[in-house]
Number of protein chains: 2
Amino acid sequence: MILELTERRQRILKLVIQEYIESPAKPVASETLLKKYQLQYSSATIRNELAALEDLGLLTHLHTSAGRIPTDAGYRYFVENLMDRQALSPQEQRTIQHQFYQVRSELDQWIHLAAAVLARTAHNAAVVTPPRAYEVRFKHLELIAIYETVVLLVLVLHDGTIKQQSLTTEQPNSQEDLSNLAQYFNQRLEGATLDLLEGRVTVPDEPPLTPFARMALDVIARAMRQLEGQINEALHHDGLLEMLGQPEFAQVDRVKQLLRILEQGVGIGTLIPQALNSEGVQVVIGGEHGQDTMREYSVILSRYGRSGEVAGVLGVIGPTRMPYPRSISSVRYISSVMSDLLAELYGERSSSA
Amino acid sequence: MILELTERRQRILKLVIQEYIESPAKPVASETLLKKYQLQYSSATIRNELAALEDLGLLTHLHTSAGRIPTDAGYRYFVENLMDRQALSPQEQRTIQHQFYQVRSELDQWIHLAAAVLARTAHNAAVVTPPRAYEVRFKHLELIAIYETVVLLVLVLHDGTIKQQSLTTEQPNSQEDLSNLAQYFNQRLEGATLDLLEGRVTVPDEPPLTPFARMALDVIARAMRQLEGQINEALHHDGLLEMLGQPEFAQVDRVKQLLRILEQGVGIGTLIPQALNSEGVQVVIGGEHGQDTMREYSVILSRYGRSGEVAGVLGVIGPTRMPYPRSISSVRYISSVMSDLLAELYGERSSSA
DNA sequence: GTTTAGCACTCACAAGGTAAGAGTGCTAAA
DNA sequence: TTTAGCACTCTTACCTTGTGAGTGCTAAAC
């Protein structure tokens with residue numbers, strides 16, 4: 001649906017939305033607009049225009065004598081046509097760069113930092129999935145004798161994901177035997193995908209695997225299988241506290257809803273794989289995608305890393321009344337920073353944003 | 001302070017507290033007690049006794065014509081003297097055992113499962129710290145070439161903790177060189193504490209470390225230093241959603257308080273190291289320990305694992321009005337299950353509870 | 001001395017009623 | 001097309017009142 005709006009209507013719509021976002025959440029009255037932004041026409045004219053915008057479905061009313069609030073369509077129009085697309089200030093960019101620089105070598109801190117920084121920058125809740133390769137591939141195995149009959153298996157995958165498992169054996173193991181076995185696996189399995197594992201180590205003309213080696217292989221296969229479909233489960237979030245001050249969350253029911261979205265991925269489950277395969281920043285406003293759970297929330301997501309290689313998703317979740325320009329800039333900028341980090345780690349195949 | 005209460009007063013106090021916990025959070029009236037528990041004395045007598053218990057500081061009033069609610073001291077008396085110390089039902093124990101059995105070899109899942117199970121069993125928020133050794137000791141190092149000049153360093157500590165770091169070098173590295181260096185470190189550093197690291201690898205009559213080896217050693221030292229004081233930061237929690245239905249959290253401010261406790265460790269920071277060095281289940285009711293933040297919350301903590309060896313802390317946090325018997329049983333049982341898991345992993349030095 | 005019936009008293013809470021204020025929508029004139 | 005003016009609507013805050021729950025006290029009963 002393409003809407004042709006007169007310049008004046010565009011201007012008024014934009015002001016209503018900006019005012020509503022900053023007020024915060026107070027319905028916007030014609031008189032307020034007139035006074036605050038010194039418009040050239042009277043409040044009656046503004047009222048006429050507001051009524052027109054309401055007929056177009058971009059604004060609504062809570063009751064006859066209340067000011068206007070934007071509809072989902074109104075926000076959508078704002079995001080696509082009216083919004084000032086300003087980047088984060090150089091000062092903020094430097095601060096963020098600096099924070100990431102400090103943890104650049106600590107892979108397990110990345111997503112925590114990303115979520116924390118994003119939440120604080122966008123003033124909303126943030127979600128981040130860890131970077132994962134499109135395909136799960138074996139990289140390295142380590143077997144460490146922890147205690148006579150207990151072995152710690154550390155599996156490193158091609159994208160840097162690490163899984164640790166413990167194995168209990170009948171007989172005591174020497175570290176030497178374990179290291180040899182690990183080396184054997186490392187030589188044979190380098191780069192293997194899940195379906196290649198078996199074939200690489202069980203070759204017709206060779207002695208079969210020992211029971212322990214068989215067990216280890218099974219554990220590796222199971223771990224890799226588990227990681228294949230795990231994107232949603234690994235959703236990390238931050239910034240809940242940031243949001244609870246907002247008027248939308250004055251009643252606890254709303255907080256519960258939000259928790260279900262953030263902790264259990266209800267409602268954003270489908271959006272994440274979608275964002276992983278898209279370019280640029282995705283904005284979903286309210287119930288646009290037919291998700292009833294999300295009717296009162298907006299989600300701004302972006303992939304970081306490179307599609308098909310190692311990549312993850314990060315984004316912001318908040319009430320539909322959210323500062324879109326700032327949120328979008330934040331998501332865009334932080335995803336570019338994360339992309340650069342990944343590029344550094346996996347070689348310069350990726351390009352900087 | 002030792003309080004001598006007549007049997008009747010004890011009985012009434014116990015009923016008031018149980019009723020208040022289950023009502024939920026409704027002040028308890030004399031008439032209610034009489035009807036619901038068919039006491040042998042009249043409501044007037046009960047009122048006299050209630051007034052006496054109030055004089056002793058075990059109960060209070062919100063206003064003259066309101067029923068009684070317990071004070072912190074009342075809860076304390078209840079927990080120490082009146083509570084029925086029932087264990088979890090065999091059925092529940094089996095379910096919990098079963099859940100832990102399923103992830104017994106996946107170390108990184110333990111604390112997630114523990115928090116989830118504890119929260120659901122105790123119907124409150126749960127906190128769990130990962131198992132950590134009293135002393136941080138080197139166990140194993142792995143250096144993996146990820147990309148020409150990028151190396152993934154995987155450090156395994158003696159307690160099973162894994163840290164991953166990336167290193168960037170000037171020159172490309174061969175996996176063979178890396179493996180050799182790792183092996184060299186593994187031989188020299190086995191079991192070394194932080195202050196021994198340096199001495200083990202820089203021996204007077206040997207060639208000095210290569211720049212890369214020096215860098216790796218620094219990273220190891222930094223990681224170990226970081227882990228030394230990290231108990232609080234690693235606090236994992238679950239069950240927030242579980243609690244929001246309770247009347248205590250009807251207003252969002254309370255939710256914010258709770259979040260600050262769970263996410264930032266405000267108010268429980270000191271309790272955790274304390275629990276780590278104590279035997280048995282610790283119960284802190286309301287502001288007993290002078291923590292103003294915690295005035296309206298109770299904490300039930302227990303160590304799991306063995307003091308001085310590998311151990312962690314788990315527990316329950318809720319409003320002072322919490323089902324103490326059940327929470328305490330849950331914490332006790334799950335800490336014993338976790339202790340058993342640890343014992344299995346690190347040998348039979350620990351005893352089952 | 002302990003228990004209990006009886007009753008006055010207190011306080012929270014809900015219901016109803018009113019007034020004030022914000023803001024629209026419409027009309028008619030500019 | 002714009003705008004002044006005003007009636008109308010609806011929310012919100014505030015008060016008032018009534019009701020019910022529940023205590024605390026007193027005086028009689030056990």
Side-chain angles (χ1 to χ4, degrees), chain A residues 4-13 15-17 19-20 22-71 74 247-248 250-251, chain B residues 4-13 15-17 19-20 22-71 74 247-248 250-251:
Chain A
E4 290 292 341
L5 291 190
T6 64
E7 192 145 342
R8 192 166 74 183
R9 285 187 186 164
Q10 292 195 5
R11 183 161 177 218
I12 289 178
L13 177 60
L15 290 178
V16 169
I17 292 182
E19 181 63 21
Y20 184 66
E22 285 165 30
S23 46
K26 297 223 180 304
V28 183
S30 53
E31 203 78 33
T32 313
L33 287 178
L34 180 62
K35 272 192 225 142
K36 200 154 180 180
Y37 302 97
Q38 287 148 26
L39 301 184
Q40 303 306 314
Y41 11 92
S42 76
S43 67
T45 307
I46 298 176
R47 277 202 291 285
N48 287 336
E49 295 292 51
L50 290 175
L53 287 166
E54 182 161 356
D55 288 343
L56 291 168
L58 301 171
L59 296 176
T60 350
H61 255 159
L62 291 176
H63 53 89
T64 344
S65 72
R68 293 317 203 288
I69 60 175
T71 61
E248 274 83 354
Q251 40 210 7
Chain B
E4 289 292 340
L5 290 189
T6 63
E7 191 145 343
R8 192 166 73 184
R9 286 186 185 163
Q10 292 196 4
R11 186 163 175 214
I12 289 177
L13 177 59
L15 289 179
V16 169
I17 293 181
E19 181 63 22
Y20 185 66
E22 286 164 29
S23 43
K26 297 221 179 307
V28 183
S30 53
E31 203 78 34
T32 313
L33 287 178
L34 181 63
K35 271 191 224 146
K36 200 154 178 180
Y37 301 98
Q38 287 149 26
L39 301 184
Q40 302 305 313
Y41 11 90
S42 76
S43 68
T45 308
I46 298 176
R47 277 201 293 283
N48 287 334
E49 295 291 52
L50 290 175
L53 287 166
E54 182 162 355
D55 289 342
L56 291 167
L58 300 173
L59 295 177
T60 347
H61 255 160
L62 291 176
H63 53 89
T64 345
S65 73
R68 293 313 200 291
I69 61 174
T71 62
E248 275 83 354
Q251 40 209 8

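Below, chains carry the letters A, B, ... as their sequence lines are ordered, and counting in each starts from 1.
Of all non-hydrogen atoms in B:Y41 and B:L34, the two that sit nearest each other are O-CD1, 3.0 Å. A:G57 approaches A:T71 most closely through the heavy-atom pair O-OG1, 2.6 Å. Between A:L59 and A:E54, the shortest heavy-atom distance links the atoms O-CG, 3.5 Å. In this structure, A:P70 and A:I17 approach most closely via the heavy-atom pair CG-CG1, 3.7 Å.
In terms of the side-chain contact (heavy atoms from CB on, under 4.5 Å) criterion, residue partners of B:A51 (sequence neighbours excluded) are, by chain and number, B:R68.
Taking the side chain as every heavy atom from C-beta outward, A:L5 and A:L56 approach each other to under 4.5 Å. For the pair A:T32/A:K26, no side-chain contact is recorded, criterion being any heavy-atom separation below 4.5 Å from C-beta on.
Using the Watson-Crick or G-U wobble rule with both distances under 3.5 Å, C:dA30 pairs with D:dT1.
Look at CZ on B:R47: it is 12 Å from C1' on C:dT3, rounded to the nearest Å. Counting to the nearest Å, the C1' atom of C:dT10 and the CZ atom of B:R68 are 13 Å from each other. Residue B:H63 contributes atom NE2, which lies 19 Å from atom P of C:dC9 at whole-angstrom precision. Protein atom CD1 of B:I69 is 16 Å distant from nucleotide atom P of C:dC11, rounded to whole Å. Taking atom CD of A:E19 as the reference point, atom P of C:dG23 lies 11 Å away to the nearest angstrom.
When heavy atoms are screened at a 4.0 angstrom cut-off, B:S43 is found touching no nucleic acid atom at all. Nucleic acid contact class of A:T64 (heavy atoms, under 4.0 Å, all strands): sugar-phosphate only.
Where B:R8 and A:N48 each meet DNA chain C at their nearest nucleotide, the meeting point lying more 5' is that of B:R8. Residues A:S65 and B:L62 each lie close to DNA chain C; by heavy-atom proximity, the contact nearer the 5' end of the strand is made by B:L62.
Interface remark: the B:S42 side chain does not form any donor-acceptor pair with the C:dT4 base, using a distance-only criterion of under 3.5 Å.
In the 5' to 3' direction, nucleotides of DNA chain D lying under 4.0 Å from heavy atoms of chain A begin and end at D:dT2 to D:dT11.
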